[in-house]
Amino acid sequence: MEIHTSIIIDAPAFGVWNVLTDLASYHSWNPFIRRIRGELVRGSRLEMEIRLADEKMVQLDPVVANVELERQIAWQGRISSLFSTEHKMAIEPLTHDRVTFYQVEKFAGPIVSLVAHKLDAALRKGFEEMNQALKSVAERNWNNKQ
């Protein structure tokens, strides 16, 4: 099972990247990932708290799987051998000052089919709210620099 969301952002890739990688500021703009700590270095463990659609707060500790400067951040999580996730946030430049931002969450494991509809409902709204908030912050920052 996978969840995909995307949004067009009228700001350059480096501007979107700067917002995404300023982990200490997530609490001030991100309605989905309310707290995130750690280093964006492959193999590092992150500590994060996310807010689900039902307002429930969930603690996660994924491991950074990939970081590509101004392009992608990915992490992986596991809840026993029954359930694992891979989350990717990607920036695709369209022009020098416009990008598409994607979030993709992949789920694997024997219990995924049993909880797929609940996962989609719990996470998709959060991804979309985060995308919109990222767009607002990155565009405001870019417009203020011009």
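For this chain, numbers begin at 1 and follow the sequence in order. All values derive from a computational prediction rather than experimental measurement.
Listed here is the closest heavy atom pair of Ser25 and Trp29: O-CD1, 3.2 Å. Nearest heavy-atom pair, Ile9 versus Ala138, reported as atom, atom and distance to 0.1 Å: CG2-CB, 4.0 Å. Taking every heavy atom of both residues into account, Arg71 and Ala13 meet most closely at NH1-CB, 3.7 Å. The two residues Val16 and Ile91 have their closest heavy-atom pair at CG1-CD1, 3.8 Å. Shortest non-hydrogen contact noted between Leu69 and Trp17 is CD1-NE1, 3.5 Å.
For the atom pair CZ (Phe127) and NE2 (His4), the distance works out to 10.5 Å, reported to the nearest 0.5 Å. Note that CG of Asn131 and CE of Met89 are 10.0 Å apart. Values are rounded to the nearest 0.5 Å. One distance of note links OG of Ser6 with CD of Glu92; it measures 9.5 Å at 0.5 Å rounding. To the nearest 0.5 Å, the span separating CG on Leu40 from CG on Leu20 amounts to 9.0 Å.
Using a distance-only test at 3.5 Å, with no hydrogens or angles considered, a donor-acceptor pair links the side chain of Asn143 to the main chain of Glu139. Checking side-chain atoms of Arg42 against main-chain N and O of Ala65 turns up a donor-acceptor pair under 3.5 Å. The backbone N or O of Ile8 sits less than 3.5 Å from a side-chain atom of Lys135, completing a donor-acceptor pair.
Contact annotation: the side chain of Val19 approaches that of Asn141 to within less than 4.5 Å [non-hydrogen atoms, C-beta and beyond]. Residues Gln76 and Pro62 fail the side-chain proximity criterion, which asks for heavy atoms closer than 4.5 Å. The shortest distance between side-chain heavy atoms of Lys56 and Arg51 does not fall below 4.5 Å. Side-chain contact check for Arg37 versus Leu23: every heavy-atom pair is 4.5 Å or farther apart. Using a 4.5 Å heavy-atom cutoff, the side chains of Gln132 and Ile7 are in contact. Met1 has its side chain within reach of Asp120: a pair of non-hydrogen atoms, C-beta onward, lies under 4.5 Å apart. At a threshold of 4.5 Å between non-hydrogen side-chain atoms, the residues Val67 and Val41 do not count as touching. A 4.5 Å side-chain heavy-atom check between Trp142 and Asp10 finds every atom pair outside the cut-off.
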Go through Asn30 and Ile36 one step at a time and tell me if the side-chain contact (heavy atoms from CB on, under 4.5 Å) criterion holds.
-> CA-CA 10 Å; Asn30 194 326; Ile36 183 169; over 6 Å; no

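One hydrophobic cluster, built from ILVMFWY side chains closer than 4.5 Å, cannot hold both Val104 and Met130; they sit in different ones. A continuous path of hydrophobic side-chain contacts links Phe83 to Met48 [ILVMFWY only; heavy atoms under 4.5 Å]. Put simply, Leu82 and Val58 are part of the same group of oily side chains (I, L, V, M, F, W, Y) that touch within less than 4.5 Å, one to the next. Residues Val63 and Ile33 fall into different hydrophobic clusters, defined by Ile, Leu, Val, Met, Phe, Trp and Tyr side chains chained together at heavy-atom separations under 4.5 Å. Both Leu60 and Phe32 belong to a single network of hydrophobic side chains, linked directly or stepwise wherever heavy atoms of I, L, V, M, F, W or Y lie under 4.5 Å apart.
Considering His27, Glu47, Met57 in turn, Glu47 is the only one that fulfils the side chain to side chain contact (heavy atoms under 4.5 Å, CB included) rule with Arg35.
His87 and Gln103 share a side-chain donor-acceptor pair at under 3.5 Å. Donor-acceptor pairing under 3.5 Å is lacking for the side chains of Asp61 and Gln59.
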